[in-house]
Amino acid sequence: MSPTPPARRLRLGLPRRMFSQLLLMQLAIAAGVTVLATGLFLAPLSDQLDDQAMRRALAIAQTTAEQPQIAKDLQSTSPSVDGPVQVEAERIRRATQAEYVVIMNTRGVRWSHTDPRQIGGIVSTDPARALAGEQVMEIDDGTLGRSARGKVPLRDSDGDIIGAVSVGIAYDSVRARLIHAIPGLLAYAGGALAVGALAAWLISRRVQRQTRDLAFSDISALLAEREAMLHGIREGVVALDRGGRIRLLNDEARRLLGIGDEAVGRSLDEALGEGRTTDVLAGRVTGTDLLTVRGQRVLIANRMPTDDGGAVATLRDRTELEQLGRELDSTRGLIDALRAQDHEHANRMHTVLGLLELEMYDDAVEFVGEVVGDHRATAEQVTEKIRDPLLAALLVGKATVAAERAVALWISDRTWLPDRLIDPRGIVTVVGNLVDNALDAVAGTPHARVEVELRAEGRTAVLRVRDTGPGIPAEQRELVFTEGWSTKKPPAHGKRGIGLSLVRRLAERQGGSATVTEADGGGAEFTVVLPEALAGPGLEPALTVPAVVEEES
């Protein structure tokens, strides 16, 4: 037999939804403020009513004391129920609706009273202050109960004090006025509370729509998840407000863009400066998977508008992928060159074998000498003019590839570059990109030729690559250096339009330039000037600048 499940306890507490919690909190605040305001109003109202009652009693007493006939009657008659003082006092009491009007002599003996039995008796409260000439206002208890009182001295025609006048206003009437005022006050308070409740409901509904009726705990969890996601993903995320200012950067975006928290709150132009990266993130360049270069990094950017007029941009780092793609292209080129060399070597071996079988030994020796001499001449021609081993090896390899593609690769007679390069790998990147572009441009054209000129002018390196291809129209000579712009089909591994942009960026980072003009006789001539590219005489060259990604434009 299964045990009886425990009874569920009724759990009281705030509702989970933000709308309900916010509404309850606002209603509680509105009700509390209303109660507090009502209490703060009632407290001084009671004091004001007491003061008004005392002043009214004092005014009646003053008016009574100023009648000269009452002073004469007090001096000339004895206290009695039918006496003139009692008659006049009762008339005043009824006319003013006071509780009592008591007229007394200097010994405190009453000449008038609401209760005739009290006439001739001593007053119950001390009249000394009034008999001393003071005007008195007070709340006190007497024979008729609690009342608001006013007491003044009574003077004869010579101004001498002969008695006093005491007037009382029933305190019950004062309290009745206060109680009578409460319903109206509560009505106003209720109206204010209703308006506050309506405003609270409208505000809560607006917050409900904006927060999509989530609970506070849900919002807290979403914020925690957002922080974990933004700082954990391997894509850069940049959030912009409707004014184009940066409002959020995750760790990867800071790394890729090379900026820090100081960029938050600033516009893209202020944080990043002018350039294609800024234009892409700002939406001035439209499209998907837009290519851009930031520093030494190749980035792919996408931008998505948000409902509040801002946008969220994502950045992916393609630097390593472009490096791998470039290496793959180089490897394929090397394989094609080796395949061609293998095919050519087989033909030559067959020729040598045939000469030997025909016993044409002298011709065989001459043929082998010519083949070896051609390769040796090409290598010697390069190494005599270019003393840096990395750059020389690059050009020897490019010469082999050019020969396979039926292109003549020439080293200009003006070429001379000593082995004092500060950044050989950077210059290898520049020359490799320019030569590859030139080979692509002249491939398949008659009398295809590419000429390379590398010169040292002091510590400045001047690199020129000319080709006999179709050239570049004048209106496109700046576009070819723009990230993502290319006239060629993209390779299998990714996008084009990076190489020439990186060439110019490398040159400008070193204070130089990269330009393109029309070569003599047609074709294109690329010129790259790299100041301070060579170490001074007697100084050892060193790799001080990291290599830049190579890619065909």
Side-chain angles (χ1 to χ4, degrees), residues 43-181 184:
L45 179 61
S46 176
D47 295 337
Q48 290 175 5
L49 292 176
D50 287 349
D51 183 70
Q52 290 177 3
M54 289 186 294
R55 290 184 182 279
R56 179 171 168 238
L58 181 65
I60 295 173
Q62 290 172 338
T63 302
T64 302
E66 288 176 358
Q67 297 185 30
Q69 187 62 40
I70 292 179
K72 292 178 181 179
D73 291 340
L74 180 67
Q75 292 176 318
S76 60
T77 64
S78 300
S80 66
V81 175
D82 298 327
V85 175
Q86 168 69 3
V87 172
E88 182 63 17
E90 282 298 296
R91 184 190 68 79
I92 294 173
R93 182 186 68 80
R94 288 191 297 269
T96 59
Q97 296 183 351
E99 183 181 21
Y100 62 84
V101 175
V102 174
I103 300 173
M104 67 194 79
N105 63 5
T106 55
R107 295 191 305 274
V109 177
R110 301 187 188 95
W111 251 250
S112 66
H113 196 278
T114 303
D115 183 1
R117 294 173 297 178
Q118 302 293 333
I119 296 176
I122 303 299
V123 296
S124 59
T125 56
D126 186 8
R129 293 174 59 191
L131 294 174
E134 294 183 27
Q135 294 185 350
V136 180
M137 292 190 305
E138 61 184 2
I139 302 291
D140 203 355
D141 294 320
T143 57
L144 297 178
R146 192 170 182 80
S147 60
R149 301 181 178 187
K151 297 179 182 180
V152 297
L154 180 64
R155 302 176 185 272
D156 60 12
S157 58
D158 296 329
D160 296 329
I161 297 175
I162 60 173
V165 177
S166 175
V167 177
I169 304 296
Y171 196 75
D172 290 341
S173 64
V174 178
R175 186 162 51 191
R177 289 182 62 192
L178 177 62
I179 295 174
H180 179 73

All salt bridge (Lys or Arg N to Asp or Glu O under 4.0 Å) counterparts of Arg155, not counting sequence neighbours | none
Any salt bridge (charged side-chain N to carboxylate O under 4.0 Å, His left out) pairs touching residues 126-136, not counting sequence neighbours?
-> Arg129-Glu134
Who pairs with Asp158 by side-chain contact (heavy atoms from CB on, under 4.5 Å), at least two apart in sequence or on another chain?
-> Asp156, Asp160
Taking only residues two or more places apart in sequence or in another chain, which ones pass side-chain contact (heavy atoms from CB on, under 4.5 Å) with Val81?
-> Pro116, Ile119
Under a 4.5 Å cut-off applied to non-hydrogen side-chain atoms, are Val109 and Ile122 in contact?
-> yes
Euclidean distance, Asn105 CG relative to Leu74 CG, rounded to 0.5 Å = 6.0 Å
Calculate, to the nearest 0.5 Å, the distance between atoms CG and CD1 belonging to Leu154 and Ile70 respectively.
-> 7.5 Å
Please examine the side chains of Trp111 and Thr77, heavy atoms only from C-beta on, and report whether any two atoms are closer than 4.5 Å.
-> yes
With sequence neighbours excluded, residues passing salt bridge (Lys or Arg N to Asp or Glu O under 4.0 Å) with Arg107 | none
Any donor-acceptor N or O pair under 3.5 Å, side chains Ser112, Arg93 = no
Glu88: what forms a side chain to side chain donor-acceptor pair (under 3.5 Å) with it, not counting sequence neighbours?
-> Arg91
Arg94: partners by side chain to side chain donor-acceptor pair (under 3.5 Å), with sequence neighbours left out | none
To the nearest 0.5 Å, atom CD of Gln52 lies from atom CD1 of Ile169 at 12.0 Å
State the OH-CZ distance between Tyr100 and Arg110, to the nearest 0.5 angstrom.
-> 9.5 Å
Using the side-chain hydrogen bond (donor to acceptor under 3.5 Å, both in side chains) rule, collect all pairs that involve residues 57-70, keeping only residues at least two apart or in two chains.
-> Gln62-Gln135, Gln69-Asp73
